[in-house]
Amino acid sequence: MWGYLSRRLAGSFAILIGITIVTFGLTFLIPADPVRMIAGRNATAQTVENIRQQLGLDRSVPEQYARYVMRLAQGDLGRSYVQKTQVSDLVLSRLPATLLLMAGAIFFELLIGIPAGIFAATRRGRPADRWIMMLSFAGVSAPQFVVGLLLLYIFSNLLSLFPMGGYGTLGHLILPALTLGIAGGGWYARMMRSSMVDVLRQDYVRTARAKGLGPAKVVLVHAFRNAVLPIIAMIGLDVGIFMSGAVVVESVYGWPGIGQLAWMGIQRIDIPIIMGVTLVAAVGIVIGNLVADLITPLIDPRIRLR
Amino acid sequence: MKRLFIAAAAALLLSSLPVLAAPKQGGAIIITYKDDISTLDPAVGYDWQNWSIIKSIFDGLMDYEPGTTKLTPDLAESFDISPDGLTYTFKLRDGVKFHNGRAMTAGDVKYSIERAVNPATQSPGAGYFSNIAGYDDVAGGKATTLSGITTPDDKTVVIKLTAPNAAFLHIVAMNFSYVVPKEEVEKYGADFGHHPVGTGAFKFVEWNLGQNLTLERFQDYNKKGVPYLDKITFEIGQEPTVNLLRLQKGEVDILGDGIPPAQFVQVTSDPANKELFVAGEQLHTGYVALNVKMKPLDDVRVRQAINMAINKDRIVQILNGRAKVANQVLPPAMPGYDPNYKGYPYDPAQAKKLLAEAGLANGFSTELYVMNTDPQPRIAQAIQQDLAAVGIKAEIKALAQAEVITAGGTDGQAPMVWSGGLAWIADFPDPSNFYSVILGCSGAIAGGWNWSWYCNPDLDKRASAADAMTDPAKADDRNKAWAAIFADVMKDAPWVPIMNETRYTMHSPRVGGDPQLFVEPIHIPVNYDYIFATDAQ
């Protein structure tokens, strides 16, 4: 277990080094000259040169990278060119909202996806199965923008059940989390169904049935534990994806998450923000996967970590 | 790029003026924006969203009469210009206090301008002060104080220029010159823009990054009875479409981003909204820059042909009529605009003739650079079709805004650039602001904003001469001089002026005030200091 953990951590660390190289490379891939953007349209060549020096962009590439990593090691993600704030402050101020939305979205994904998948698997090939699969497909393919606006229009505008966007209370969370849950729930339902169909064919399930256990007990107790494993890996991935933000949903509901920050950074070519959010998201994905791998054996003791 | 283009607009109301209710004191309103507000440091903030908020928190020596483009003293009580136009003496108003309680002095004015020029501040407006004596030393890092600014006493600021500049009073009315207290700037360092302290009508209270920003009425404000509102909350992060729904539901009061284009017709055609939406003309011209250094656009006949080939009416239609056709560089609301100037007519037959004269009877192939966000590519397609009709094959290069700016500023790269979304909006209401950076020789450099690479030394000289006409009594002569300069620019046809944008916005019935305040020429998008809540007790 500890050996496995240390190997995985070392692996993750190597990936993170790779990520710093990629995010650093962004500076050069983005076509705009940040100095010109800061300097404004009235700037003289001298002003431009001054700012270039202050940003350290006149140094050699390896030196710039070394400085970048040194600053990262101290938790310094740089200062936004446009907002003139520490990127770490901007990210931290949005992290709670992102984590909350992530938790809500995963809750709804599981709430919608798992029962639907199990139900479809147990009715395989029958109309109920086909309906559920069709709806899940619709859920996956519907643009989040449309779903979000539709929910907002019905539940906030017509029925006045929820506030029209914003952040702070449980009421604010439900609609955006549900919008994400509808899309993600579709994937979960499809995955849960195929995994469950697979498990239901296995010998030990047949044995359980032969012993005379009721269908509910067979499915929910015996089969479920094994069938749910791929879902856990998927939650791990989801954590990573949500760390980079749910851009569309956040802007429909005015949810102050990281996705919004990333999108504004991209629009304004605010390179430190783009680099910072990419880095945070990548770290989120690495951690999400690691945690999912560590949880798996707790659910299925047959899986050993070596 | 929106953030770079600060709008100053002259509001000409399209609708008739409703009977105005008397302003009421008190109350609170909510304004929505899609994007996060960037820094509120007046020396640094330079986009239309923070521009107006900065104006409410800070003040400068000069300002404009609410709802107009007319200059008036603000923190200065009076000013005096020496006969040679080189020395400006400002007498400061009594009883001006910063939000932290300290009285403002002449030293603060001097410090604030020096701070904007200091390269360490990274102010995008530093260049505006290049006329002040001693600028080069401070901009070059050799000094931190401007030799051209002296303060004989606490109430007097004397500014010496190296060359007369008729636009100088506009420059000290710009945000970059707004007065900040040294002790607060030093306390917060680079984060001052997130803890702004000024002398303005509203004081900063709270900023939850990415969520909302709150301002409150400054009780010790130096103008009696202003502002009317007790509190303004800016809510950030929601789609303009959703914000419109919220406004109609009474949850918010002003759409900071204006009416979303998709809902424009629906909103404006509803009679119930008649008094709630407002239209104002901008000091804005949308144009196609024609690179005069690239073949075959280096031939003036080809550029004139392109001017005649484009059907501008159709482009205004694409914009739902949210603009007016332009025939010259200056927008109609700008001094120096020539209402008698006819420009190039839409005449494809004549355009073909000109092309044939230039030896291009069979047309030619070229490229049109455009920003890739709606509706710009659609406008570019309309231009493409018009050009095709006279035999010019223009390939559309739809790119992110930064790439369009880079292409425009790279020698020999972009033959044509449609300026939509990046179009020139004046920083201050003076014709000079439409010349040097975008049409003068100084802007025709790598990384510059003169995308037609037009450089006419003779016109540059005339522009400097017009700028030197500082005597207010000669303002008319000066405007005429500028009109002639721009007429001569159009003879060389480095631009195809296409349209002047109109700004539309909407507010809830809870907010009152002169409609022009909501499409303010200067405090765009809204002059928060003079609007009021109709339901205030």
Side-chain angles (χ1 to χ4, degrees), chain A residues 30-33 35-51 53-55 79-86 89-90 92-94 97 145 148-149 152-153 156-157 160 163-168 250-258 260-261 263-264 266-270, chain B residues 1 3-5 32 34-39 41 44-47 119-120 122-128 130 136 139-141 190-194 208-212 235-239 241-243 245-246 248-249 251 399-403 405-406 409 427 436-438 443 445 447-449:
Chain A
I30 294 171
D33 179 1
V35 178
R36 275 276 168 198
M37 317 262 310
I38 295 172
R41 48 190 199 188
N42 260 329
T44 58
Q46 190 181 35
T47 312
V48 170
E49 210 35 56
N50 271 327
I51 296 177
Q53 264 176 26
Q54 286 177 41
L55 296 180
R79 189 172 273 274
S80 150
Y81 292 159
V82 177
Q83 304 208 43
K84 309 279 172 187
T85 313
Q86 290 293 335
D89 286 351
L90 290 169
L92 282 178
S93 74
R94 286 166 181 271
F145 187 72
L149 275 182
L152 198 69
Y153 187 72
S156 299
N157 196 35
S160 296
M164 254 211 241
Y167 172 69
E250 284 174 9
S251 68
V252 169
Y253 291 98
W255 191 265
I258 282 175
Q260 234 186 27
L261 180 69
W263 178 229
M264 282 189 280
I266 290 166
Q267 283 178 312
R268 298 169 173 184
I269 329 277
D270 200 339
Chain B
M1 175 182 346
R3 64 176 283 258
L4 285 178
F5 301 105
T32 59
K34 180 166 77 65
D35 288 341
D36 213 348
I37 295 162
S38 54
T39 178
D41 186 332
V44 180
Y46 194 16
D47 60 63
Q122 298 185 0
S123 168
Y128 284 108
S130 57
D136 289 339
D191 285 327
F192 176 70
H194 285 74
N208 296 307
L209 289 174
Q211 295 180 46
N212 51 48
E235 287 195 1
I236 299 147
Q238 234 166 344
E239 278 298 317
T241 321
V242 178
N243 287 330
L245 272 178
R246 295 182 69 197
Q248 288 168 331
K249 229 175 158 235
E251 282 184 18
L399 305 170
Q401 61 176 23
E403 296 180 65
I405 294 171
T406 307
D427 287 326
S436 59
V437 180
I438 44 178
I445 49 164
W449 293 81

Contact leader toward chain A among [options], where contacts are heavy-atom pairs under 4.5 Å:
options                : result
B:S123, B:G127, B:A190 : B:A190
B:K249, B:Q211, B:E251 : B:K249
B:G140, B:G193, B:G448 : B:G140

Check whether [X] gets within reach of chain B through its side chain, its backbone, both or neither, counting any heavy atom under 4.5 Å.
X      : answer
A:S156 : backbone
A:L90  : both
A:L55  : side chain
A:M164 : both
A:N50  : side chain
A:L261 : neither

Checklist line | Flag, side chain of B:N243 to backbone of B:Q238, donor-acceptor distance under 3.5 Å | finding: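 Present.
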Margin query: If we ignore hydrogens and angles and just use 3.5 Å, is the side chain of A:D270 paired with the main-chain N or O of A:V82 as donor and acceptor?
Written below: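 Flag set: sc A:D270 to bb A:V82 pair under 3.5 Å.
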Next item on the list: Give, for atom CG of B:D191 and atom CD of A:Q86, the distance between the pair rounded to the nearest 0.5 Å.
Entry: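 Answer rounded to 0.5 Å: 7.0 Å.
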Notebook entry, point to check: Between B:A126 and chain A, which part of the residue has a heavy atom less than 4.5 Å away: side chain, backbone, both or neither?
Noted result: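 Neither part.
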Item checked: Interchain contact, B:I37 with chain A, by part (heavy-atom threshold 4.5 Å) ->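 For B:I37, the contact with chain A is made by the backbone alone.
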Do you know the tightest heavy-atom contact between [X] and [Y]?
X      : Y      : result
A:P256 : A:Y167 : CD-CB, 3.5 Å
A:V48  : A:V35  : O-CG1, 3.2 Å
B:L399 : B:E403 : CB-CB, 3.8 Å
B:P119 : B:G141 : CG-N, 4.4 Å

Checklist line | Candidate pair A:Q260 and B:D36, rule side-chain contact (heavy atoms from CB on, under 4.5 Å), full reasoning | finding: CA-CA 9 Å; A:Q260 234 186 27; B:D36 213 348; over 6 Å; no
